[in-house]
**Student:** 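I'd like to ask some things about the structure below.
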2 protein chains.
Amino acid sequence: MENYQIDNLDKSILHALMDNARTPYAELAKRFAVSAGTIHVRVEKMKQAGIIQGTKVTISAKRLGYDVCCFIGVNLKHARDYPSTIEQLQGFEEVVEAYYTTGNYSIFIKVMARTIDHLQDVLINKIQTIEAIQSTETLISLQNPIAREVIP
Amino acid sequence: MENYQIDNLDKSILHALMDNARTPYAELAKRFAVSAGTIHVRVEKMKQAGIIQGTKVTISAKRLGYDVCCFIGVNLKHARDYPSTIEQLQGFEEVVEAYYTTGNYSIFIKVMARTIDHLQDVLINKIQTIEAIQSTETLISLQNPIAREVIP
DNA sequence: TATGAAAGACCGCTCCC
DNA sequence: GGGAGCGGTCTTTCATA
């Protein structure tokens, strides 16, 4: 779990696996002109170092009927209400991300909803029922032109 | 690619595969008391329906030295500058997500940086050099207590 | 110490019930 | 939807530089 300085080969492997986690090692080996055993060793090292955490399938939220993506800036009445608010937000499945932030808002959340009506329902009947919340500001996402991950 | 109404078994499979895309079908079969063949059929159906898009490894940004996560609300001088701005933002590897939003900002981006100094560098020497940008507002994320995906 | 090659185990895919 | 055999992939081990 110590720090491990990745080299160009590691980086290339990461790129490939971030695109498709099931890329055969043999193919990576061919692509990067090394042996499959080497690929295996590198992947194992990065797993040990905690760089590669696991694999997961990518889901299309749209295909599942979730068309509306929005961000909501939340202001709390008192900063001390932060933990309990997070706990309550966690109970709403539409809240997919939450951040404790400096700046304009206390908490910043990402919400996925099926429709605008659904979003309205989530806002009024879920989020705004939390007592500790003073006010919210909603940013509806119309497009998501960039979506990727950091790669040094 | 048509719409496909998923049932409880599909949902369970999705959950399992979102946690670990390499879970053996035989194990899923045992867990949900069906045969491995059935798991295969369901996964294939969801792939066909476009619900499952692929698999990717999960990377620890922290382990790679990226400790600072922040959101930046961007205001443009003119709405028409949107496409060219996105194009320029795409060129900065630290910009990992971008949204075209209604509300306070024209564009909303997520930035990953190594350190606060690095973030400052990205802001001053990259983002704020874009001519079309009128102003920016930065929200630094101190914690990310909720991070998951929609699952109906 | 890191790489390359080969053998064995495991998994996923396909056919048939 | 369930079960069995084939093919492919991952993993491991050993030899090598």
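Note on naming: letters A, B, ... go to the chains in the order of the sequence lines (proteins, then strands), and numbering restarts at 1 for each one.
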**Student:** Within this structure, what is the CD1-to-C1' distance between B:Ile39 and C:dC13, rounded to whole angstrom?
**Tutor:** 14 Å

**Student:** Using whole Å, what does the distance between atom C1' of nucleotide C:dC11 and atom CZ of B:Arg22 come to?
**Tutor:** 11 Å

**Student:** Reckon A:His40 has a side-chain N or O less than 4.0 Å from the OP1 or OP2 of D:dC10?
**Tutor:** no

**Student:** I'd like to check B:Ile107 versus B:Tyr82 (side-chain heavy atoms, cut-off strictly below 4.5 Å). Are they in contact?
**Tutor:**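 In contact.
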
**Student:** Closest nucleotide of DNA chain C for B:Gly37 versus for A:Leu9: which of these residues is on the 5' side?
**Tutor:**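 Going by which nucleotide is closer to the 5' end, it is A:Leu9.
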
**Student:** Report yes if at least one side-chain N or O of A:Arg42 is closer than 4.0 Å to OP1 or OP2 of C:dT3; otherwise report no.
**Tutor:** yes

**Student:** What about the rings of B:Phe108 and A:Phe108, do their centers lie closer together than 6.0 Å?
**Tutor:**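 Ring centres of A:Phe108 and B:Phe108 closer than 6.0 Å.
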
**Student:** Charged N to carboxylate O under 4.0 angstrom, A:Arg42 versus A:Asp7?
**Tutor:** yes

**Student:** Taking all non-hydrogen atoms of both residues into account, name the closest pair between B:Val111 and B:Ile72 and its distance.
**Tutor:**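 Nearest heavy atoms, B:Val111 then B:Ile72: CG2-CD1, 3.9 Å.
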
**Student:** In whole angstroms, how far is the P atom of D:dT9 from the NZ atom of A:Lys30?
**Tutor:** 10 Å

**Student:** Give the nucleotide from the list D:dC10, D:dG2, C:dC11 with an atom nearest to the side chain of A:Pro24.
**Tutor:**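 Within the option list, the nearest is D:dC10.
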
**Student:** Whole angstrom is fine here: how far is it from CD in B:Glu44 over to C1' in C:dT14?
**Tutor:**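 Rounding to the nearest Å, CD of B:Glu44 and C1' of C:dT14 are 11 Å apart.
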
**Student:** Take atom NZ of B:Lys47 and atom P of C:dG12, then tell me their distance rounded to the nearest Å.
**Tutor:** 10 Å

**Student:** Would you tell me if any nitrogen or oxygen in the side chain of B:Ser35 comes within less than 4.0 Å of OP1 or OP2 on D:dG2?
**Tutor:** yes

**Student:** One thing to verify: whether A:Lys56 and B:Glu149 come together as a salt bridge, which I'm taking to mean a side-chain N less than 4.0 angstrom from a carboxylate O.
**Tutor:** yes

**Student:** Using atom CD of B:Glu27 as one end and atom C1' of C:dG12 as the other, report the distance to the nearest whole Å.
**Tutor:** 15 Å

**Student:** Whole angstroms only, please: what is the CD-P distance between A:Gln5 and C:dA2?
**Tutor:**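 Checked: the CD to P distance equals 15 Å.
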
**Student:** For A:Val34, answer base if it contacts any base atom (sugar-phosphate contacts may also be present), sugar-phosphate if it contacts only those atoms, and nothing otherwise; contact means non-hydrogen atoms under 4.0 Å.
**Tutor:**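 The residue A:Val34 makes sugar-phosphate contact but no base contact.
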
**Student:** Under 4.0 Å between a side-chain N or O of A:Tyr25 and OP1 or OP2 of D:dT11?
**Tutor:** yes

